[in-house]
Every structure is written in C-alpha cells, then in structure tokens.
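Right, one structure below, let's go through it.
Remember, it's a predicted structure, so these values are computed and weren't measured experimentally. Every chain is numbered from 1, with letters handed out A, B, ... down the list of sequences.
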There are 2 protein chains.
Amino acid sequence: MQRGRQLRPGVTLVRAGEPMAALFVVRSGSAKRYSVTLGGGEQVHGFVLPGELVGLEGFASGRYTCEVSALEPLGYCRVPIRKLEQLLERLPGLRREILRLLGQALDESQRLRGELALSDARGRVAHFLADLSHRLARRGLSPTEFHLSMSRADIARHLGLTLETVSRALGTFKREGWLRVRARDISVLRPDALAALGSGIA
Amino acid sequence: MQRGRQLRPGVTLVRAGEPMAALFVVRSGSAKRYSVTLGGGEQVHGFVLPGELVGLEGFASGRYTCEVSALEPLGYCRVPIRKLEQLLERLPGLRREILRLLGQALDESQRLRGELALSDARGRVAHFLADLSHRLARRGLSPTEFHLSMSRADIARHLGLTLETVSRALGTFKREGWLRVRARDISVLRPDALAALGSGIA
DNA sequence: CGTGAAATTGAGCTCCCTCAATCTGAGTGG
DNA sequence: CCACTCAGATTGAGGGAGCTCAATTTCACG
C-alpha cells in the first residue's frame, strides 16, 4: 500500500482501457467518474468522495472501464493488485471485505439505476443531494453544509438531465425553503423533505 | 454445488432481506430481478438468462437486496456460500474468477445506468433488445429469433418508461422493418439498426 | 474593476405520460 | 365448435414535464 499521493484538479487518476494495475482509495478531495461516448460527450457515472474506492470495475476485464479525474486537489492511496492478491491469499477477512466492497458497489449502482428509472427531475436532484449528504456524514463531514465540487453540467450528465433543469430544481428547493444555495455552496435546511422526495415519495 | 433444481413460473428464488446463504446459477428459463418500492410498485432491476448468476449483491450486507422470481420454468444450481468460501481458500483461480464476475456485474450495471441517462424511449427499447440478443447469442441461442418471457409492463418498469411507450417503440421498429413482432415473439431483421440506436447514435 | 466561464431565468416546442378505448389471443365452459 | 372472458397488448387523444435555444446575471480570477 503506497500512500500520500496527490493530484491537482483536472488531472486524471485512471483512464478507460488502461490495464488495471491497482485500486485507489481516496483520502481527501473528490473526483468524477465518467466515460466518453461515441459522440464525444461525457457520461458521468458518479463522484468519488474521501474514503471511497476507485477502480473496482476493472476486475471485469483487467482494464479500467471509465476515466476518473480529480475535481479538487485529490489525496489518495494506491493499492497494487499484485500486492492485494498476495494479501487475499493469507487473509480470509480481507477476502470477505473485498467481496463486501464489490457487493456494495454493485448494490449501490443498481439502486442508482432504479432511481433514474423511477424519479422525475426534482426527485433525482433531491436524491443526489441526499445521497451526497449521507456519504459526507459517514466521513464525519457536515451533512447540511457542503460545497459541490462538480458543475451543474456534471450533475446533469450524471442524472440524465440538462444543466438548466438541474438549476431549476435547485431553484425550486431554494424557493420552498429546503435549501440555501450560493453558487456551489449548499446548506440543507430540510433534509427530511429532500430525503422524502428522493426516495420516490414524490 | 447442488444442481438439478427446478422452479415454476411465478415462484420466487430469493427474497429481499433474506440472509445470503447461497449464490445461484441459472441453467434454463429466465427470471426477473426486482424490488418493491415504498409505494408498493415494482422496480425491475433486470432479467436473468441461462448461464447468469443470481445473488451477487448479497455480498454487500450478507442479505439479498432484491427479489428474483421465475418468468419461465427455471432450472438452476445452488452454490452455498460456506462451500464457496472453502473453495476460495484453496483456489486462487476461483478467487480471480469471482472477482471477475463481480466486476462484470458492476460494470454492466453502470453501463445500464448510463444508457438510462442518455437515451430516449426508443433508444432504451432498442438497447434492451440488442442486449438481450447479445446475451442469448453468448449462450448459443438465436440472437435474431427469440421469445420475450417478460410482459411489456416489466420491460417498461425496467427501462423507466410506461408500457404504452414500450409498445409504441416496438410498433415503430416494426413499421420501419427492423423487427417482426408477434405478441412476445421477436424476429430481429436489422440488428445493426437496433444496435446503432441503442448505442446512442440516435 | 474587467473578463470569461458558470449559473440562472425565460419562452416555445417535443416527447412521453395519462387516460381511455379497442384489439388480440389463450383458456373455459356450454 | 363457438361464445365468453379476462389479461395483455395496441392504438388514439390530450396535457405536462423537461429539452432546446437564447438572454441575462453571478461568480471566480486576473
């Protein structure tokens, strides 16, 4: 396990198609996971927060299948696959842990897919914020006051919307008194309302 | 590995919330993966074809997170987790294989999510058919002549559409000469056109 | 300040959803 | 053999959510 590495905003951590030589654990900052479509557009798969893993999809073919690039200064650790396999040989607990992490990623991805299928625009944005809030809280950060490291366009491409629609949804939440929005700084005033809307209570 | 088991249409193979005691390999027939929303609706995650695995998401928490029920008479094998862990202890190849399978499931789920985010109704239906065709072909079945074991409503709930829209999309494809549709029997006449539309060439 | 990118806001239009009627086909009983 | 039934699928009409295009406005950075 190699640690203490650092990346500047905009720099790419892994590229689609590269052989998967390592997993990465994000320590600080945030990153964007995306792939480039045939038309040249970006398909945003999600955002990586501190404490989360990068590169798991690579197990499928031995190559990464999407790009991950830093949105903020990104601190991370690198876990070489060779090293990981050696450890898996000896440590049954780690075996279970890596299976758990993969299962979690899978479950989460499916839940996100369901969200897309069921919710309308406002529901998706609400869910996005509620999810972000939840993940920040798990890392001991404030679930109600945070900074969006990604643009409205990134959020839109992640949620299958346009950036205008994302902006309007935020505007609605603001008007309803659920949020305070100042550019990319968010204050959540009514987490319950967001969570409800984001869970398909709509 | 216990084999030769059989299930009747409509019967449930695993239930959400049950402890994950085993993985399942489908041998014949097909199944629907879904979960029940708070409102009582079905959220269809996908369909399981012969040769595919059921239960992988269970690694996340040790419990299954969605229901899987047979659409047709379903032949399957049961792989107890205890047994699997014993084998993982001794067989490095199997360790890599299970990681590969989980990675594949994750990658596929993310690709599906992207599809939902990018495509319009016809694109989603085209992608659904192209994907089905591809998966059948991998199992040595005909990629151009097949039977849909799921209802239009199931397809719709899977794609985040209404059943009417699915029906209309199929109608369009038929009118354009891309498909022959007779109830649930599909003949693909222009696989290229479907694949193109389903890949976001739209 | 000044400049350019990002975000907000507005107006019109399109695609899909909603609601409703019709059609098809498989299973049942007379 | 045929009428009946009922679920699933198709088709039609109308309305609304979100996309497109375009004009400001706000914000970050020099």
Q. Once you round it to whole Å, what is the distance between C1' of D/dG8 and CG of B/Leu148?
A. 13 Å

Q. Does any non-hydrogen side-chain atom of A/Glu115 lie less than 4.5 Å from one of A/Leu159?
A. no

Q: Nearest-nucleotide wise, let me know which of B/Glu164 and A/Glu164 is further upstream toward the 5' end of DNA chain D.
A: B/Glu164

Q) Is there a donor in the side chain of B/Arg113 and an acceptor in the side chain of A/His158, or the other way round, less than 3.5 Å apart? A) yes

Q | Exceeds 12 heavy-atom contacts within 6.0 angstrom, atom CZ of A/Arg180 | A | no

Q: Would you kindly give the CG-to-C1' distance between A/Leu163 and D/dG18, to the nearest whole Å?
A: 13 Å

(Q) Any base atoms under 4.0 Å from A/Leu170, or only sugar-phosphate, or nothing? Heavy atoms, all strands. (A) nothing

Q.
Would you compute the distance between atom OG1 of A/Thr65 and atom CG of B/Leu106 and round it to the nearest 0.5 angstrom?
A. 7.5 Å

Q: Give a yes/no on whether any side-chain N or O of A/Arg168 is located under 4.0 angstrom from OP1 or OP2 of D/dG18.
A: no

Q | Distance-minimising heavy-atom pair for B/Arg157 and B/Glu42 | A | CD-O, 3.0 Å

**Q.** Between D/dA9 (C1') and B/Met150 (CE): distance, integer Å
**A.** 16 Å

**Q.** Side chain B/Ser133, main chain B/Leu129, donor-acceptor under 3.5 Å
**A.** no

Q. Is there a side-chain polar atom (N or O) of A/Thr165 under 4.0 Å from OP1 or OP2 of D/dC19?
A. yes

**Q.** Test item: B/Arg184 side-chain N/O and B/His147 main-chain N/O as donor-acceptor pair under 3.5 Å
**A.** no

**Q.** Rounded to 10 degrees, the angle between the two terminal axes of the helix from C/dC1-D/dG30 to C/dG30-D/dC1, each from five pairs
**A.** 40°

Q.
Taking the minimum atom-to-atom distance to the side chain of A/Asp120, which one of D/dT10, D/dG18, D/dC21 wins?
A. D/dG18

Q. Are any side-chain N or O atoms of A/Glu67 and backbone N or O atoms of A/Ala16, one a donor and one an acceptor, separated by less than 3.5 Å?
A. yes

Q) Which is true for A/Gly123 with a 4.0 Å heavy-atom rule: it touches a base, it touches only sugar-phosphate, or it touches nothing? A) nothing

Q.
Treating primed atoms plus P, OP1 and OP2 as sugar-phosphate and everything else as base, which nucleotides of nucleotides 25-30 of chain D get B, S or - for protein heavy atoms under 4.0 Å?
A. --S---

Q: Please find the earliest and latest nucleotides of DNA chain C, in the 5' to 3' direction, that have an atom within less than 4.0 Å of any heavy atom of chain B.
A: C/dC16 to C/dG25

Q) Does a side-chain N-to-carboxylate-O contact under 4.0 Å join B/Glu176 and B/Arg190? A) no

Q) Has the side chain of A/Arg124 got a donor or acceptor atom that lies under 3.5 Å from a matching backbone atom of A/Ser119? A) yes

Q.
For the OG atom of A/Ser69 and the CG atom of A/Leu74, what is their distance to the nearest 0.5 Å?
A. 9.5 Å

